[in-house]
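Per chain, numbering begins at 1; letters A, B, ... match sequence-line order. What you see is a predicted model, and the numbers here were worked out from it, not measured in a lab.
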There are 2 protein chains.
Amino acid sequence: MKYYSISEASAKFNIPESTLRYYEKKGLLPQIKRDKAGRRLFSEDQITFLGIIIYLKNTHMPISDIKQYVDWVVEGDNTIELRLRMFKNHKQAVLAEISLMTESLKGIDKKITRYTKLIQERKVE
Amino acid sequence: MKYYSISEASAKFNIPESTLRYYEKKGLLPQIKRDKAGRRLFSEDQITFLGIIIYLKNTHMPISDIKQYVDWVVEGDNTIELRLRMFKNHKQAVLAEISLMTESLKGIDKKITRYTKLIQERKVE
DNA sequence: TCTTGACTTAAACCATGGTTTAAGTTGTAT
DNA sequence: ATACAACTTAAACCATGGTTTAAGTCAAGA
């Protein structure tokens with residue numbers, strides 16, 4: 001079974017090692033083994049799991065919620081409904097955030113149009 | 001000319017008064033007048049301007065950048081190119097962020113599908 | 001006149017999400 | 001043997017974006 005060092009995990013996801021240590025300390029990365037020298041060993045499964053955590057981060061799920069999710073994963077299959085509900089709620093929140101950003105971008109686009117015209121007019125003069 | 005009190009501005013945009021004071025202190029809301037009692041008076045134009053600032057906030061522009069934009073607005077028309085460039089850059093950043101969120105959401109959706117199936121299978125047993 | 005509500009200020013405080021530092025350990029190459 | 005790189009830890013530190021507090025002012029109504 002292949003294991004990844006923290007530097008490999010860091011490189012794979014382009015995340016600082018310090019952040020991975022921080023995530024482990026916060027409980028987002030449970031059960032990371034160590035080698036004889038005390039260095040972290042990330043299993044394939046844990047690397048995959050880290051990928052999920054990064055998806056959650058990318059969609060702005062707070063660390064406290066990710067922690068809850070991780071705790072449920074550790075707890076086992078009887079928490080699947082809870083996880084499903086959490087992810088469905090989160091999905092709606094993300095869609096709402098994307099909508100807000102998209103709408104706000106329209107307002108910014110109007111400014112871009114306006115500024116572009118102003119500059120054009122100035123050049124014409 | 002109509003003026004808005006801080007409570008009216010707060011209500012209009014659903015933003016805490018404390019946040020409006022904070023924004024003014026940070027320089028995002030320049031030239032807000034006061035009445036005899038020292039209370040803020042937001043002009044129509046300033047309310048419109050606040051709307052832009054909120055668009056920028058909604059799209060995660062940092063306060064320091066918004067400040068730069070505001071300073072350029074105050075500086076006058078010879079900064080329009082700078083503002084245009086800033087907004088174009090910002091737009092690209094926002095589109096990139098939306099893409100990242102959308103992509104990450106796909107990963108989360110896979111989990112939703114998986115969990116849904118697991119629950120279905122459990123019910124069938 | 002007195003109270004009340006809606007403000008004002010400066011400064012302290014807080015949450016979130018890391019990053020940096022200092023001091024130490026280990027395994028490998030020379 | 002020794003030096004170096006790649007880790008380790010706990011704790012301090014930092015940036016960002018507000019929120020809260022304490023003490024005070026003012027205008028309007030009872």
Just to verify, what does [X] make a side chain to side chain contact (heavy atoms under 4.5 Å, CB included) with, not counting sequence neighbours?
X        : result
A:Ile47  : A:Tyr4, A:Ala9, A:Lys12, A:Phe13, A:Phe42
B:Arg114 : B:Leu118
A:Asp45  : A:Ser43
B:Gln92  : B:Leu95

- Message: Give me the stems containing DNA chain D, sorted by first residue, counting only three or more consecutive Watson-Crick or G-U pairs with both distances under 3.5 Å; say none if there aren't any.
- Response: C:1-30 with D:1-30

- Message: Is the distance between the ring centroids of A:His60 and B:His60 under 6.0 Å?
- Response: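 Ring centroids of B:His60 and A:His60 are less than 6.0 Å from each other.
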
- Query: Has the side chain of B:Ser5 got a donor or acceptor atom that lies under 3.5 Å from a matching backbone atom of B:Glu8?
  - Reply: yes

- May I ask you to decide whether B:Glu44 forms a salt bridge with B:Lys2, counting only side-chain N to carboxylate O separations under 4.0 Å? no

- With a 4.0 Å heavy-atom cut-off, tell me which residues in residues 30-59 of chain A come close to DNA chain D, sorted by residue number. A:Arg34, A:Gly38, A:Arg39, A:Arg40

- Any salt bridge (Lys or Arg N to Asp or Glu O under 4.0 Å) pairs touching residues 52-76 of chain B, not counting sequence neighbours? B:Lys67-B:Asp71

- Message: Filter on salt bridge (Lys or Arg N to Asp or Glu O under 4.0 Å), then keep only pairs touching residues 84-105 of chain B, sequence neighbours left out; what's left?
- Response: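 Residue pairs passing salt bridge (Lys or Arg N to Asp or Glu O under 4.0 Å), neighbours aside: A:Asp109-B:Lys91, B:Glu103-B:Lys106.
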
- Item | Contact residues, residues 12-24 of chain A to DNA chain C [heavy atom, < 4.0 Å] | A:Pro16, A:Ser18, A:Thr19, A:Tyr22, A:Tyr23

- Message: Just to verify, what does A:Arg21 make a side-chain hydrogen bond (donor to acceptor under 3.5 Å, both in side chains) with, not counting sequence neighbours?
- Response: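 Expected list: A:Glu17.
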
- Item | B:Gln68: side-chain hydrogen bond (donor to acceptor under 3.5 Å, both in side chains) partners, not counting sequence neighbours |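 In terms of side-chain hydrogen bond (donor to acceptor under 3.5 Å, both in side chains), with neighbours along the sequence ignored, B:Gln68 is linked to B:Trp72.
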
- What are the bounds, 5' to 3', of the part of DNA chain C that sits under 4.0 Å from heavy atoms of chain A? C:dG17 to C:dG27

- May I ask you to check whether over 12 heavy atoms, not counting those of B:Asn78, lie within 6.0 Å of atom CG? yes

- Message: Under 4.0 Å, counting only non-hydrogen atoms across every strand here, what does A:Ser64 touch: a base, just sugar-phosphate, or nothing?
- Response: nothing

